[in-house]
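Take a look at the structure set out below.
All figures in this text were calculated on a predicted structure; none of them were measured in a lab.
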Amino acid sequence: MRLWQLIAANAVVLLSAGVSAAQGMPTPEEAHCMALRGMLISPDKIGEPARRATVYSADLVKGDQAAGSGFCKVLGGIEPVDPKAPNINFQINLPLTWNDKIIQYGGGGYDGTLIEAVKNVSFGSDAVQTPLQRGYVTFGSDSGHQSPSVLDGKFLLNDEALANFGGLQIKKTHDVAMAVVAAYYGKKPQKTYIQGNSQGGHESLIAIQRWPADYDGAIVTHPANPFSALQLSGNHLAKAFYRKGGYLSPAKVELLNSAVAKACDKLDGVEDGLISNTAACDATFKVEDLRCGSGKDEGDTCLSDAQIEVLKTINTPYKSPVRLEDGVDGFARWPIFQGGDLYGLWGFGLSPDLTDPPTPVANFGLAVLADPLIRYAIVRDPKFNTMTFDPAKYAKRIAEVSKLTDANSADLSAFEKRGGRMLLMHGTTDFAISPYNTVSYYERVIKTMGMENAHDFMRFYLVPGFGHGSGKFIAAWDPLTALENWVEKGKAPENLTVSDAGKDGGGRTRPMCEYPSYPRYKPRATDMNKAENFECTK
């Protein structure tokens, strides 16, 4: 149905509902927006299997500081092939003043919550405009299921819901957005971007690997990828943690991180509460220095032999007994001896006793994150105790799930050849997704494509002291402008800075250093709160 037909149809609906001139007919902008109501997108317009998509509602949101010039808020759903599977719910925001560009937003955790896509990009600075304020069409979805929590994995019991979560929802939502954009504006976008953090970072990698022709640029932050390897690692560490008496109380976590800071903070030239020179920290900090004299747990002033053993296990890469998609065979070590952000959900938990299923905050965070995928997607038994999980017994299923969910390919040549550009960022103290895993992926891309080719389309930054949205340094920067300049003007990122948005950070700044560089304080500098007093050093 053409847009003028939709406008006419909705006008009839309004009149039949008793909306008269006296009551106030819709403005042309409102009518143009409402005309999208009931729009149907046929399966042939959607690049992955679906029945159809339907626009449930379309309403004009008036312009203000947050909404820019105003936008048409479109809500709808994509119907599954399997009638027992949930819809993919989506939201598309169509600005009245369009800049001819669109940006897709990723989700978080196990998804299940509608991404409204009205806020800034992940860790975007409050000092810069949101994509919607800039005139972007923005859109996102719930990834194809509706859950009370981003840690709820019950939907994984359904094959189509699992496949949608594993990546198909990205393509389906993208194609539906393209159809709605074409109907509303009468033309296609000139540039298409995608961005996300955590699961959203993983989804961004999926997008440019599986459908590289659809995207001109990607902002990838803390990618939860490979998703299957991440959860296998978490389960492996959880079993070691609870079986070997490795629990660390909050006081012992503070003991560990304080000792690490004392040994490593100054290795970047200044004691500023941040460990930037992580390589030197590896060679400097010795966990054995915290050992209790008897080797047994003597309280919060030292670590037992069992606790030290578990910490060393966390500091060791996990080797999977199952080969995963694209030959990946495990997961990287964690920054346990570099000031890891071991507080809140991502920490060791407030209780030494593990519940079944693991409980957020009370239990080891990696056990909480790993449980849903293993329980519902791999074993497919809601009553299964994941502490008894043996990966070797489920090798075939693990490989199947990896194929559905992971984005392991290091060959990004299709994305690069079409002019695609990517900004990749991770915090050094992230304890939900190890920064070393992203380092591993980056190094695989370099090995596969060559340093020069990779540098032509990809930049990777590690931010010292930044956790999974928390930590000693809360990153706030402007990746979208940097990406726009690179994609649209050919101007590669240079001299980028990041601000500390934490309540105790006072807005201090640091240079965004390309890996493997880190920000080192300049000799004779006088202000450790300003980026210009640091230089990126390998």
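- Separating the CD atom in Gln199 from the CG atom in Leu369 is a distance of 11.0 Å, to the nearest 0.5 Å.
- Proximity of Leu366 to Trp334: side-chain heavy atoms (C-beta onward) are separated by under 4.5 Å at one or more points.
- Each of Asn533, Asp272, Thr497, Asp500 was scored for a side chain to side chain donor-acceptor pair (under 3.5 Å) with Arg510, with one residue passing: Asp272.
- Taking the six-membered ring for Trp and the full ring otherwise, the centers of His222 and Phe123 sit less than 6.0 Å from each other.
- Partners of Thr278 by side chain to side chain donor-acceptor pair (under 3.5 Å), not counting sequence neighbours: none found.
- In terms of modelled atom types and a separation under 3.5 Å, the side chain of Ser233 and the main chain of Ala229 share no donor-acceptor contact.
- By the 4.5 Å heavy-atom criterion applied to side chains, Asp356 and Met387 are not counted as neighbours.
- Taking every heavy atom of both residues into account, Gly467 and Asp341 meet most closely at CA-OD2, 3.9 Å.
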Query raised in the report: Could you go step by step and tell me if Met512 and Arg459 meet the side-chain contact (heavy atoms from CB on, under 4.5 Å) rule?
Result: CA-CA 10 Å; Met512 292 288 285; Arg459 294 290 189 275; over 6 Å; no
Query raised in the report: side-chain contact (heavy atoms from CB on, under 4.5 Å) between Leu237 and Thr313: does it pass, once the steps are laid out?
Result: CA-CA 7 Å; Leu237 296 179; Thr313 300; 3.8 Å; yes
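- Inspection of the Thr481 and Asp478 side chains reveals an N or O donor paired with an N or O acceptor under 3.5 Å.
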Query - Phe165/Phe227 under ring-ring contact (aromatic ring centres under 6.0 Å, His included): CA gap, chis, key distance, verdict - result: CA-CA 11 Å; Phe165 168 74; Phe227 195 69; 5.6 Å; yes
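- At most 12 non-hydrogen atoms from other residues, nucleotides or ligands lie less than 6.0 angstrom from CG of Asp126.
- For Lys312, the NZ atom is loosely surrounded, since the number of other residues' heavy atoms within 6.0 Å does not exceed 12.
- With a 4.5 Å cut-off on side-chain heavy atoms, Asp353 and Tyr242 do not count as touching.
- The six-membered or imidazole ring of Tyr461 lies away from that of Phe466, with a centre-to-centre distance of 6.0 Å or more.
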Query raised in the report: For Ser147 and Lys154, what are the C-alpha separation, side-chain angles and deciding distance, and is it a side-chain contact (heavy atoms from CB on, under 4.5 Å)?
Result: CA-CA 8 Å; Ser147 299; Lys154 297 182 183 66; over 6 Å; no
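- In this structure, the side chain of Gln307 engages the main chain of Tyr247 through a donor-acceptor pair within 3.5 Å.
- Side-chain polar atoms of Ser409 and Asp411 form no donor-acceptor pair below 3.5 angstrom.
- Taking each heavy atom of Asn408 and Ser402 in turn, the nearest pair found is ND2-OG, 4.3 Å.
- Contact annotation: the side chain of Ser198 approaches that of Ile433 to within less than 4.5 Å [non-hydrogen atoms, C-beta and beyond].
- Side-chain N or O atoms of Glu325 include none that pairs as donor or acceptor with a backbone N or O of Asp406 at under 3.5 Å.
- The shortest side-chain heavy-atom distance between Lys252 and Phe348 does not fall under the 4.5 Å cut-off.
- For the residue pair Leu248 and Leu303, the shortest heavy atom distance occurs at CD2-CD2, 4.2 Å.
- Counted by atom type alone, Tyr343 and Glu254 present one or more donor-acceptor pairs between their side chains at under 3.5 Å.
- A donor atom on one side chain and an acceptor atom on the other are not found under 3.5 Å apart for Glu452 and His455.
- Between Tyr441 and Val445, some side-chain heavy-atom pair lies under the 4.5 Å cut-off.
- Taking CD1 of Ile336 as the reference point, atom CG of Asn257 lies at 7.0 Å (rounded to 0.5 Å).
- Minimum heavy-atom separation, Lys296 to Ser304: C-CB, 3.6 Å.
- Classification of the Tyr442-Phe460 ring pair by plane angle, with boundaries at 30° and 60°, yields tilted.
- Atom CG in Asp326 sits 10.5 Å away from atom NZ in Lys403 (nearest 0.5 Å).
- By the 30° and 60° cut-offs, the orientation of the rings of Phe155 relative to His145 is parallel.
- The shortest heavy-atom contact between Asp371 and Thr386 is OD1-OG1, 2.7 Å.
- In this structure, the side chains of Leu230 and Phe331 come closer than 4.5 Å at one or more pairs of heavy atoms.
- At a cut-off of 3.5 Å, with distance as the only test, a side-chain donor of Gln338 or Asp282 sits close to an acceptor on the other residue.
- In terms of modelled atom types and a separation under 3.5 Å, the side chain of Lys447 and the main chain of Ala410 share no donor-acceptor contact.
- Interatomic distance, CE of Met422 versus CD of Glu416, reported as 11.5 Å (0.5 Å rounding).
- Judged by distance alone, with hydrogens and angles left aside, the side-chain atoms of Thr138 form a donor-acceptor pair with the main-chain N or O of Ala117 at under 3.5 Å.
- Distance CH2/Trp486 to CE/Met458: 9.0 Å, rounded to 0.5 Å.
- Under a 3.5 Å cut-off, the side chain of Asn529 and the backbone N or O of Gly507 do not form any donor-acceptor pair.
- Pairing each heavy atom of Ser228 with each of Leu324, the nearest pair is OG-CD1, 3.8 Å.
- With a 4.5 Å cut-off on side-chain heavy atoms, Tyr105 and Gln195 count as touching.
- The aromatic ring centres of Phe431 and Phe364 sit 6.0 Å or more apart.
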**Report entry** side-chain contact (heavy atoms from CB on, under 4.5 Å) assessment of Thr428 paired with Ile275
**Finding:** CA-CA 9 Å; Thr428 63; Ile275 298 170; over 6 Å; no
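- For Tyr215 and Phe415, the ring centers sit 6.0 Å or farther from each other.
- Under a 3.5 Å cut-off, the side chain of Lys266 and the backbone N or O of Lys262 do form a donor-acceptor pair.
- One N or O on the side chain of Gln104 and one on the backbone of Ile170 form a donor-acceptor pair closer than 3.5 Å.
- Judged by distance alone, the side chain of Glu298 and the main-chain N or O of Ser294 form a donor-acceptor pair under 3.5 Å.
- Here Arg291 pairs with Asp305 in a salt bridge; the nearest charged N to carboxylate O distance falls below 4.0 Å.
- Listed for the Arg520 side chain is no donor-acceptor partner under 3.5 Å among the backbone atoms of Glu535.
- A side-chain N or O of Asp268 and one of Ser276 form a donor-acceptor pair less than 3.5 Å apart.
- To the nearest 0.5 Å, atoms CZ (Arg421) and CD1 (Ile208) are separated by 12.0 Å.
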